[in-house]
J.: 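Sharing a structure here in structure tokens format.
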Amino acid sequence: MTMPATPAAAAPPPSPAGAQTPPSWRRKIGAGPPRGGVTAGQFVDIGPDAKTAAEWALRGLTPPDLAALRAYRLARVREQLAARDCGAILLCDPLNIRYACDASNMQVWCAHNAVRYLFLPLDGPLVLFEFHSSRHLAAGLDLIAEVRPAISWNYMHGGEALATKARRWAAEIVDLMVAHGGNRRLAVDRVNPEGAAALGELGLSLHNGEAVMELARVVKGAPEIAAMRCALAACEAAMAEMQAALAPGVSEIELWSHLHAGNIKRGGEWIETRLLTSGARTNPWLQECGSRQIQAGDLVAFDTDLIGPYGYCADISRTWLCGDRPASGTQRDLFAVARQHIDENRALLKPGVHLRELTEKSDRLPEAYRAYRYLVVMHGVRLCDEYPIVVYPEDAEHAVYDAVLAPGMVLCVEAYVGAEGGGEGVKLEEQVLITDTGSETLSHYPFDPALDR
């Protein structure tokens, strides 16, 4: 699969050929962003404060142009809808809603409670169906033409009448499809069986909205890269605060809390995992932080998995040595293998390279570390860990798709090195942008000199 070309970021593209906008839509839906009783002084974009902006300025970073960022992302979604001949997409995943129109509302809670959704047509106005009494949250978001109350038909709100509520929900979606030209091919990113059945009974043909959104998000424009640089800067500043707090006797969870605090105070949003371990708990990987007290001479390994300012992901891994004791030979050996692994794999990244080529040419871990290898060599990243992935040669038979790297893609290059039954392990990860001529490493946090030879 070849990645779609990057459209201009300054404005949405013209209506795709063949798309029709019913002349009555402005009367039906109404033009202009909703205000919902919110005054100009009350509305602010979710993001950093002046102190954080000053911190970024010292690093030579400029916050993104949010209007250009939003226009670019909407254009990307509509490009994918046109390619799949879909008349609209219905988005329920909070990350997809955020990408498409930048509306945010209790992102983590709404990720497991289906209480808000967005109708995004191929051509015409966006309608946000918002959670109870939340209409005002869309004030200032000029991509949204109208906010309506969502029909929450999950079991919490519908109980045994869930199917009845789903039919009411579906009828409103079908009305919007008809109002926007009659194309009955609807992409949906997430829907329960009752909702899918109700839409089908009313004559809609459902298509994979997850694919639409993953391919829309895979290539980032300049405003998105600016936002990601800021998110990484916030993450790395929080990492520095966490490393300053690392001392013998601190618990894993207390140390991890410094990363949370540093992210949030800089306009970040949440952290998706709790992957920080120490000592023998660094092997095997994917254990989450607990109450263990870190001791002098322990390795401390972590993966940030951090959703930072503007909703962009900063996904960096480092391994540190606690205290003033010299690293052991085994610790240095583990670190050296992990460092070589990400350096050699990172050097393979450039536009035009196929995912399968990356699998074939990737650095081979020594036999002792292959059983506990990470699940991928590298993966895409935008608002979270995303498509595509590059698998290890040992897993090549399970690689069911291929794609080609293109400028504007960002990938995280991963390494976990620990022997099966071994005492410790090392986790490293870098975030890398594909450029026109090669690649640029976006993550800049230094490796621990106590381990790095």
Side-chain angles (χ1 to χ4, degrees), residues 7-38 43 45 66-105 115-131 134-151 168-189 199 202 204 207 209 212-213 216-217:
S15 300
Q20 298 180 359
T21 304
S24 61
W25 74 259
R26 289 189 181 275
R27 294 193 299 275
K28 178 179 177 63
I29 296 177
R35 297 300 170 190
V38 176
F43 179 80
D45 284 309
L66 291 179
L69 179 146
R70 292 162 182 160
Y72 173 85
R73 298 193 310 199
L74 177 59
R76 291 284 303 177
V77 177
R78 284 181 160 154
E79 180 181 285
Q80 288 300 316
L81 287 177
R84 293 166 183 266
D85 189 28
C86 288
I89 187 167
L90 182 66
L91 300 175
C92 302
D93 186 317
L95 290 181
N96 286 335
I97 295 172
R98 180 71 175 275
Y99 180 87
C101 69
D102 217 17
S104 179
N105 184 2
V115 295
R116 59 194 296 264
Y117 41 98
L118 176 73
F119 179 83
L120 191 164
L122 179 62
D123 188 35
L126 278 61
V127 181
L128 177 64
F129 292 83
E130 192 52 276
F131 181 56
S134 298
R135 179 176 184 266
H136 56 283
L137 296 179
L141 296 176
D142 57 3
L143 295 184
I144 301 171
E146 183 186 5
V147 178
R148 299 184 185 183
I151 298 174
R168 282 180 51 214
W169 166 84
E172 194 167 12
I173 303 305
V174 171
D175 284 347
L176 285 169
M177 290 291 286
V178 171
H180 287 80
N183 181 333
R184 289 181 171 263
R185 292 172 56 88
L186 176 67
V188 182
D189 67 344
L199 291 168
L202 292 174
L204 296 190
H207 301 270
V212 168
M213 297 306 296
R217 297 199 304 233

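Residue numbers count from 1 along this sequence.
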J.: Minimum heavy-atom separation for Leu118 and Cys101, please, with both atom names.
T.: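 The answer is CD2-SG, 3.9 Å.
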J.: At what distance, to the nearest 0.5 angstrom, does CZ of Arg84 lie from CD1 of Ile89?
T.: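 Answer for the CZ-CD1 pair, Arg84 versus Ile89, is 9.0 Å.
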J.: At what distance, to the nearest 0.5 angstrom, does CE of Met177 lie from CG of Leu186?
T.: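 That separation rounds to 4.5 Å.
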J.: By side chain to side chain donor-acceptor pair (under 3.5 Å), which residues pair with Arg185, not counting sequence neighbours?
T.: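 For Arg185 the side chain to side chain donor-acceptor pair (under 3.5 Å) partners, ignoring immediate neighbours, are His207.
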J.: With side chain to side chain donor-acceptor pair (under 3.5 Å) as the rule and sequence neighbours excluded, what pairs involving residues 92-101 come up?
T.: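 Applying side chain to side chain donor-acceptor pair (under 3.5 Å) to every pair that reaches into residues 92-101, excluding sequence neighbours, yields Asp93-Arg190, Asn96-Asp189, Asn96-Arg217, Arg98-Asp102, Arg98-Glu269.
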J.: Rounded to the nearest 0.5 Å, how far does CD1 of Ile144 lie from CD1 of Ile97?
T.: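 Output value for this atom pair is 9.5 Å.
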J.: Looking only at heavy atoms, what is the nearest atom pair of Ile173 and Tyr117, with distance?
T.: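 Shortest heavy-atom separation between Ile173 and Tyr117 comes out as CD1-CE1, 4.2 Å.
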J.: Could you give the distance from CD (Glu172) to CZ (Phe129), rounded to the nearest 0.5 Å?
T.: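 Here the rounded value is 4.0 Å.
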J.: Using side chain to side chain contact (heavy atoms under 4.5 Å, CB included), reason through Leu120 and Val77 one step at a time and then give a plain yes or no.
T.: CA-CA 9 Å; Leu120 191 164; Val77 177; 3.9 Å; yes
J.: I need the minimum non-hydrogen distance between Ala103 and Leu128, along with the two atoms involved.
T.: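 In terms of heavy atoms, the two residues are closest at CB-CD2, 3.9 Å.
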J.: So, for Val212 and Ala187, which heavy atoms are closest and what is the spacing to 0.1 Å?
T.: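 Where Val212 meets Ala187 most closely, the heavy atoms are CG2-CB, 4.2 Å.
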J.: Quick one: does Arg78's side chain have a donor or acceptor within less than 3.5 Å of a partner on Pro121's backbone?
T.: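 Looks like yes, one N/O pair under 3.5 Å.
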J.: In chain order, what residues pass the side-chain contact (heavy atoms from CB on, under 4.5 Å) check against Ala170, with sequence neighbours excluded?
T.: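 Once residues adjacent in sequence are excluded, the partners of Ala170 under the side-chain contact (heavy atoms from CB on, under 4.5 Å) criterion are Ala198, Leu199, Leu202.
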J.: Go through the steps to decide whether Val127 and Arg148 satisfy the test side chain to side chain contact (heavy atoms under 4.5 Å, CB included), and finish with yes or no.
T.: CA-CA 7 Å; Val127 181; Arg148 299 184 185 183; 3.9 Å; yes
J.: Is the side chain of Arg116 donor-acceptor paired with the backbone N or O of Glu130 at a distance under 3.5 Å, no angle test?
T.: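 Not at all, since once roles are kept as given, no pair shorter than 3.5 Å links the two residues.
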J.: Could you pull out all residues at least two apart from Arg184 that satisfy side-chain contact (heavy atoms from CB on, under 4.5 Å)?
T.: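 Testing Arg184 for side-chain contact (heavy atoms from CB on, under 4.5 Å), a comparison that skips the adjacent residues, returns Val174, Val178, Leu204.
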